[in-house]
Visitor: 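Following this message is one structure expressed as structure tokens.
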Amino acid sequence: MNDFTIIWKNLFRKKLRTTLMLIAIFVAFFLYGMLASVGQAFDSPGSSDDKNRMVTLNKINFTQFLPISYYDRVARVKGVTQASHSNWFGAFFQDNKNVIVSFAVDPPTYLAIYKEFDMPDAERKAFLGDRTGLAVGRAVADKYGWKVGQTVPISSNIFSQKNGSHSWDFKIDAIFDNSKVKGRDGLMIFHYDYYNETVSFGRDNIGLIVFSTETPAINDAVAKNIDAMFANSPYETSTDTAEAFSKSFIAQLGNIKLIISLVVGAAFVTILLIVGNTMVMAIRERTREIGVFKTLGFSGQRIFTQIVAEALLLSLLGGLLGLSCAVPALLLINKISAGAISGLTVQPIVFVKGLGWMVFLGLVTAALPAWSAMRLNIVTALGRK
Amino acid sequence: MANTLRQISAITRINIKSIPQRFWMSLSTIVAIALVVGVLLGFLAMGNGFKKTLSSSGTKDVAILLRDGSDSEINSVVMREQTQLIEEAPGVARVNGKALVSAELYVVVDGKRRTNGIKANMPLRGLDSTGFALRPGVTFSKGRLFRPGTNEVIVGSGLVREFSGFDLGQTIRFGTSTWTIVGVFDAGGSVYESEIWGDVSVVQSQFKRLNSYQSIRAKLASPDQLAALKAYVDKDQRLKLETRSEADYFAAQAKQSSDLISNLGWPLAIIMTFGAVAGALNTMYSSVSVRTAEIGTLRAIGFGGFPTFVGTLIEAVILAAIGAVLGSVVIWLFVNGLSTSSLGGSFTQVVFTFSLTPRIITTAILLALLIGFIGGFFPALRAARQPIAAMVNE
């Protein structure tokens, strides 16, 4: 009979009580796993963006357009290695509740910048050569059950065709994954030329210009040059890294980080109280036993370690189970929402921090009972009922 | 019967009086339940506040016309010719022969959040005096109305509260144009308090949209004239507009956003409920366990199993009730009335305040009592069912 057997037997001597504590810990870490991942996804929406990827927008606001002529001028700026452009399409499929993130882009240059949009070579070739072609992210294709080769009508809640229709027919040429951040593929792209020739208003306008610089070190200088170039022109610009743009875009929703911290904090305080109190009570019940152990020659330190190990075991069991269950739960949410929150998976950092919290919970809840058990006097222990 | 009641009341009193002996354990249950209640109330108050702001924004006797297929003003475009057709439409109210029709421009500009300085979308609405006639609730808390034909704007009080750079007298730049803020207005807590308003023709020329608008608002002769206007619009091939009452337009937007918030709040609260139930069960089982000898003694001197059961159940429900009250009071004091903002249907910030209602509080309290009931039920069953002899010997 080694120490671990003692710890294990102690932990499960009152099965119901331990199960209840495990449930409470499970719930807290399940919540933590989900919410921290959501927070992570919101906090780093641009995590798949290269550090030298930048965007130029209309200075008034990103919903205001830029003329397409600005694209050529940005492409020629010193330090810009590759430029492209995109335009928000306001797409939905069949019902206007089925909103799909989608952009009218210049595919060859766009895919040269967004190298993480990974598709088979044959599909890429087909998409680049097909004016009415559509490249669909995996999450979107999965949600609507779309296959390569299919033709789908995509409507816009902003634009209409010259013939009065709000809907464009596209042929799905390619389905892509995000090779950098798994799951960050809830979007679709198509040819700007097709859109621009058929749209009834807003011709030759684009939403934003995206480009790569030679190195992140010159980002600021390039941004300054571009914005200076367009200063006092009819459309002044604002240039920043793609990462910064995504961040400010997400921040529009509100202080999600604060809300998440509050909810997770509430869940952790709850288990800290429940488990902490139960541990105190459980060890108190064992007073006589601990006295017997000490009589048999167990050192106070050894008993201290046993109790700490018991609490750690408890919080790790419940916590790891909870964190693990957050993984399929997030997958499910991702599937239902077709990647609405892009990049929603339990990131390694969430796991690592979670482990840290489990250890913290174990140590804090064990501290008081372990300390008093260590200090316990044998005579008092055997005398107490 | 009377005897049973007396027994219940005696046992309940004993249980409650002995709660201080199990102080920390009971407190942890109270706090766990208070936290569940707090989280649920926080989300519901947020959803309700958002909804209240949007749904107080529209009236039934104003119709809003948007380009067919677009759900919000930002996505819509209407042309001057279409506006003229609406001015001749049936059902539209007229004063001295002039139709009360307001064609409005709605463009998005940048503002900065006061709390963190991060950019956010603000709506700049271009409108004329008819636009004001359609919104009788607007009053100035500071300054005055913009003069037509100038780069003067007025701003809603909610926007000033949450975003910096919009105080009276300040100038703001949108691209190449510079504007002066000459007034701050209230609009009955509606979504208009989150907007910037300027003269429609100036906004049109500065934003290079000489012939186009985003929306048309038309005052109806009476709310039931909506159908007549709609029939007229649907028949005319040149219009291709969707006609709704302003009340319906905002109600749809309100539902969308507040549903989203509630859809987030409820699952979180329910997941936390499982944790709290586990905690409450734990507390009550140990409460029963430490009182085993006492319960056995009571049973031995003639107390029934049922009063023992009810007494334990009541103890749990009382702990839950304390938790519910604690959670509600904290949210009431520190969260209710807080001002915040989030993206609304037109992709611009809507400023609103957290707003509790008696119904929301009742819902949360019922959830707490349910936690207490489940948490007390099974331990109470155990208390009532244990053999007396075994208990007394503990």
Side-chain angles (χ1 to χ4, degrees), chain A residues 14 16-17 19-28 30-31 34-35 58-64 90 96-97 155-160 164 166 201-202 231-236 238 247-249 251-255 259 262-263 265-267 269-278 280-281, chain B residues 24-25 27-29 31-32 35-36 38-39 42-43 46 67-72 74-77 107-110 113 115-116 118-122 173-177 207-208 212 240 256 264 268 271-279 281-283 285-286 289-290 340-343 347 349:
Chain A
K14 287 204 167 170
L16 180 64
R17 182 157 76 192
T19 311
L20 288 173
M21 282 199 285
L22 281 174
I23 291 174
I25 298 170
F26 171 90
V27 164
F30 178 68
L31 265 182
M34 298 226 294
L35 291 177
N58 188 313
K59 193 179 177 182
I60 297 174
N61 179 264
F62 64 83
T63 58
Q64 306 282 334
N96 62 8
K97 285 188 187 69
S155 309
S156 169
N157 58 26
I158 309 172
F159 301 106
S160 55
H166 293 308
F201 62 90
N232 297 314
S233 80
Y235 304 92
E236 293 200 329
S238 161
K247 243 189 178 148
S248 68
F249 183 84
Q252 299 252 357
L253 286 173
N255 200 339
I259 294 174
L262 287 174
V263 176
V269 168
T270 306
I271 52 168
L272 209 59
L273 284 169
I274 292 174
V275 177
N277 275 304
T278 313
V280 170
M281 196 171 62
Chain B
W24 291 104
M25 208 61 202
L27 185 69
S28 72
T29 300
V31 173
L35 287 168
V36 174
V39 166
F43 275 95
M46 183 166 26
R67 187 190 62 88
D68 188 23
S70 53
D71 280 338
S72 56
I74 186 178
N75 288 337
S76 166
V77 180
V107 292
V108 184
V109 296
D110 276 343
R113 224 178 258 281
T115 49
N116 55 16
I118 295 177
K119 277 191 205 168
N121 289 359
M122 312 276 102
R173 261 174 82 84
F174 300 134
T176 45
S177 58
F207 282 76
K208 298 171 221 44
S212 73
K240 287 203 170 120
Q256 220 174 12
L264 292 175
L268 288 178
I271 294 173
M272 287 184 74
T273 297
F274 280 100
V277 166
L281 280 170
N282 202 11
T283 303
Y285 271 125
S286 52
S289 154
V290 294
T340 186
S341 79
S342 187
L343 274 189
F347 215 65
Q349 294 291 323

Visitor: Please rank A:Ala251, A:Gly276, A:Gly164 by heavy-atom pairs under 4.5 Å with chain B and give me the top one.
Guide: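 Most heavy-atom pairs within the cutoff with chain B belong to A:Ala251.
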
Visitor: Grab the two heavy atoms, one from A:Ala24 and one from B:Ala278, that are nearest each other, plus how far apart they are.
Guide: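 Smallest interatomic distance, heavy atoms only, reads N-CB, 4.1 Å.
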
Visitor: If you look at every heavy atom in B:Met272 and A:Ala267, which pair is closest and at what distance?
Guide: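 Closest approach of B:Met272 to A:Ala267, heavy atoms only: CE-N, 4.0 Å.
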
Visitor: Which residues satisfy the salt bridge (charged side-chain N to carboxylate O under 4.0 Å, His left out) test with A:Arg17, sequence neighbours excluded?
Guide: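 Here the qualifying residues are A:Glu285.
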
Visitor: Could you have a look at A:Val263, A:Ile23, A:Thr278 and say which one has the most heavy-atom pairs with chain B under 4.5 angstrom?
Guide: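 The option with the most such pairs is A:Thr278.
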
Visitor: Given a strict heavy-atom distance threshold of 4.5 Å, which part of A:Ile259 is in contact with chain B: side chain, backbone, both, or neither?
Guide: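 Just the side chain, heavy atoms under 4.5 Å.
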
Visitor: Looking only at heavy atoms, what is the nearest atom pair of B:Ala32 and A:Thr270, with distance?
Guide: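 Answer, listing the atom of B:Ala32 first, then A:Thr270: CB-CG2, 3.3 Å.
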
Visitor: Pick from A:Ile271, A:Val275, A:Leu273: which one makes a side-chain contact (heavy atoms from CB on, under 4.5 Å) with B:Ser28?
Guide: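 With B:Ser28 as partner, side-chain contact (heavy atoms from CB on, under 4.5 Å) holds for just one option, A:Leu273.
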
Visitor: Can you find a pair of side-chain heavy atoms, one from B:Asn121 and one from A:Phe62, that are under 4.5 Å apart?
Guide: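 Yes, side chains in contact.
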
Visitor: Is there a side-chain contact between A:Met281 and B:Trp24, using heavy atoms and a 4.5 Å cut-off?
Guide: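 They are not in contact (no side-chain heavy atoms under 4.5 Å apart), so the answer is no.
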
Visitor: Return the CZ to CD1 distance between A:Phe26 and B:Ile271, rounded to the nearest 0.5 Å.
Guide: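 It is 9.0 Å, given to the nearest 0.5 Å.
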
Visitor: Is it the backbone or the side chain of A:Leu31 that comes under 4.5 Å from a heavy atom of chain B, or both, or neither?
Guide: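 For A:Leu31, side-chain heavy atoms alone lie under 4.5 Å from chain B.
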
Visitor: Which one wins on heavy-atom pair count under 4.5 Å against chain A: B:Val36, B:Val39, B:Asp71?
Guide: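 Of B:Val36, B:Val39, B:Asp71, B:Asp71 has the most heavy-atom pairs under 4.5 Å with chain A.
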
Visitor: Apply side-chain contact (heavy atoms from CB on, under 4.5 Å) to the pair A:Gln252 and B:Phe347, showing each step before the final yes or no.
Guide: CA-CA 9 Å; A:Gln252 299 252 357; B:Phe347 215 65; 5.9 Å; no

Visitor: Checking A:Thr19 against chain B: side chain, backbone, both or neither under 4.5 Å from a heavy atom?
Guide: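 A:Thr19 has no heavy atom closer than 4.5 Å to chain B.
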
Visitor: Side chain, backbone, both or neither: which part of A:Leu16 has a heavy atom under 4.5 Å from chain B?
Guide: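 Side chain only.
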
Visitor: Under a 4.5 Å heavy-atom cut-off, does chain A meet the side chain of B:Phe274, its backbone, both or neither?
Guide: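 Both backbone and side chain.
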
Visitor: Can you tell which of B:Val290, B:Ile118, B:Val109 has the highest number of heavy-atom pairs within less than 4.5 Å of chain A?
Guide: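 Between B:Val290, B:Ile118, B:Val109, the count favours B:Val109.
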
Visitor: Just how far is it from atom OG of B:Ser286 to atom NZ of A:Lys14, taken to the nearest 0.5 Å?
Guide: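 The distance works out to 8.5 Å.
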
Visitor: Taking every heavy-atom pair that is under 4.5 Å apart, which of A:Val27, A:Ile60, A:Ile274 has the most such pairs with chain B?
Guide: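 Maximum pair count with chain B is reached by A:Ile60.
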
Visitor: Can you list the residues that meet the ring pair (Phe, Tyr, Trp, His ring centres under 6.0 Å) rule with A:Phe159, with sequence neighbours excluded?
Guide: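 Per chain and number, A:Phe159 pairs via ring pair (Phe, Tyr, Trp, His ring centres under 6.0 Å) with A:Tyr195, A:Phe201.
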
Visitor: Under 4.5 Å heavy-atom distance to chain A, tell me which part of B:Met46 shows up: side chain, backbone, both or neither.
Guide: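 Contact with chain A is through the side chain of B:Met46 alone.
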
Visitor: Using every non-hydrogen atom in the two residues, find where A:Asn61 and B:Val108 come nearest and quote the distance to one decimal.
Guide: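 That closest heavy-atom pairing would be CB-O, 3.1 Å.
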
Visitor: Could you tell me whether the side chain of A:His166 and the main chain of B:Ser70 form a donor-acceptor pair under 3.5 Å?
Guide: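 Not confirmed, A:His166 side chain does not pair with B:Ser70 backbone.
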
Visitor: With rounding to the nearest 0.5 Å, note down the distance linking CG in A:Leu253 to CG in B:Leu343.
Guide: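 That separation rounds to 5.0 Å.
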
Visitor: Sort A:Leu35 into side chain, backbone, both or neither according to what part of it lies under 4.5 angstrom from a heavy atom of chain B.
Guide: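 Side chain only.
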
Visitor: Given side chains that start at C-beta, do those of A:Ser160 and B:Arg67 come closer than 4.5 Å, heavy atoms only?
Guide: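 Yes, close enough: below the 4.5 Å cut-off.
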
Visitor: Would you mind checking which part of A:Ser248 comes under 4.5 Å of any heavy atom in chain B, side chain (CB onward), backbone (N, CA, C, O), both or neither?
Guide: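 Looking at A:Ser248, backbone and side chain both touch chain B.
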
Visitor: Which atoms form the tightest heavy-atom contact between A:Ala266 and B:Leu35, and what is the distance?
Guide: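 In terms of heavy atoms, the two residues are closest at O-CD1, 3.3 Å.
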
Visitor: What part of B:Asn116 gets within 4.5 angstrom of chain A, counting heavy atoms only: side chain, backbone, both, or neither?
Guide: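 Neither the backbone nor the side chain of B:Asn116 comes within 4.5 Å of chain A.
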
Visitor: At a heavy-atom separation under 4.5 Å, does A:Ser233 approach chain B through its side chain, its backbone, both, or neither?
Guide: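 Contact with chain B is through the backbone of A:Ser233 alone.
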
Visitor: When rounded to the nearest 0.5 angstrom, what is the spacing between CD in A:Gln64 and CG in B:Asp110?
Guide: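 If we round to the nearest 0.5 Å, A:Gln64:CD and B:Asp110:CG are 9.5 Å apart.
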
Visitor: Which value, rounded to the nearest 0.5 Å, describes the distance between B:Thr283 atom OG1 and A:Asn277 atom CG?
Guide: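 Going from the OG1 atom of B:Thr283 to the CG atom of A:Asn277 covers 7.5 Å.
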
